[in-house]
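As structure tokens, the structure follows; a few thoughts come after it.
Every number for a ligand or one of its atoms is a count from 1 in the order of the listing. Numbers for residues simply follow the sequence, beginning at 1.
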Amino acid sequence: MNNALLPGAPIGVFDSGVGGLSVLRALRAQLPQEDFVYLSDAAHAPYGERSEDYVGARALRLADFLLERHGVKALVLACNTATAAAVHALRARWPTLPIIGIEPALKPAASASQTGLVGVMATRSTLQSSKFKSLLDSLQGQARFVLQPCDGLAAAIEEGDAKATRGLCARYTNEMGGFGSLSGQIDQLVLGCTHYPLVGDLLQGLVGPATALVDPGAPVSLQTRRVLAQAGLLRTGQTAGTTLLLSTGSGDALHRNAQRWLGLHQSVGSACTDPPP
Ligand code: DGL
């Protein structure tokens, strides 16, 4: 594959579904001259309650597809669950390819917290991963973290099921305890799944204005810019980049959400990746 990575080539971005659009939105704002190929693995979503092996195998196949069919010059894993399961394997397989992963932003949240209590909403698979456990261990003593696996929430957002989404957000924030700026309250809420920023307004309403929502989309886009610059792979020129939308399953959710969140009106192409092993 990528013997020669080219600055003019597109950046591949993938997620289990539409969640990665929250990252793509930040990437397009940060890197307006770049072309993007966004791949939703809708046929195999959600990832959050699946095994690490399954998600890891999917991530490898999606990366293969983006490299072989679209000749991407970099990969952004716009999915916490896939990053936890596969970023090491992907980097081992393509050591010269810039690969940017995403993980729940515990560090910035711990630094910003005044109450010392940080909430973390993420998929069960992310919270159970060894990558997440080492991140948590590295922050021992810096804050107390309230971990909330949010089964079903990414799926409800993906399906556009407003009633289920509202019910699950209310249930999970309620289970986490009190939110606010007083002692014993959570004042930083980490959105550890890229689907959750898409319902940021709903979550903010539930936890109140004194708790900050921590969404790593913007830092990830900055990191992507840095990595591309270091590799000499930033695209130059004034022409606005393009975005191609692809899905392994029905493109309906991607089409609807890309229109809503990014103002993209184009149709979604179909991506044929093999079924999982
Ligand atoms: N958006 C994904 C994440 O950041 C995965 C959600 C899912 O498929 O369960 O973890």
**Asked** With the 4.5 Å side-chain cut-off for hydrophobic clustering, are L117 and L136 part of the same group?
**Response** no

**Request:** Check whether L198 and V13 end up in the same hydrophobic cluster, where Ile, Leu, Val, Met, Phe, Trp and Tyr are linked by side-chain heavy atoms less than 4.5 Å apart.
**Result:** yes

**Asked** Do you know which of R28, R235, R225, K73 makes side chain to side chain donor-acceptor pair (under 3.5 Å) with E34?
**Response**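 Output: one option passes, namely K73.
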
Below 4.0 Å, non-hydrogen atoms only: which portion of [X] touches ligand 1? Side chain, backbone, both or neither.
X: P46; result: both
X: C79; result: both
X: D15; result: side chain

Under 4.0 Å to a heavy atom of [X] - the qualifying atoms of ligand 1, by number:
X: Y47; answer: 7 (C), 8 (O), 9 (O)
X: S16; answer: 5 (C), 6 (C), 7 (C), 8 (O)
X: A154; answer: 6 (C), 7 (C), 9 (O)

Is it the case that ligand 1 has an N or O less than 3.5 angstrom from some N or O of [X]?
X: T123; result: no
X: G48; result: yes
X: T81; result: yes

**Prompt:** Does R166 CZ have over 12 foreign heavy atoms under 6.0 Å away?
**Reply:** no

**Request:** Using distance alone, with no hydrogens and no angle criterion, decide if D41 and T248 have a side-chain donor and acceptor under 3.5 Å apart.
**Result:** yes

**Request:** Answer whether the closest heavy-atom distance between the side chains of E52 and Q128 falls below 4.5 Å.
**Result:**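 No, their side chains stay 4.5 Å or more apart.
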
**Asked** Counting N and O atoms only, with roles assigned by atom type, does the side chain of Y47 sit under 3.5 Å from a partner on the main chain of G17, one being a donor and the other an acceptor?
**Response**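 No, because the side chain of Y47 does not come within donor-acceptor range (under 3.5 Å) of the backbone of G17.
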
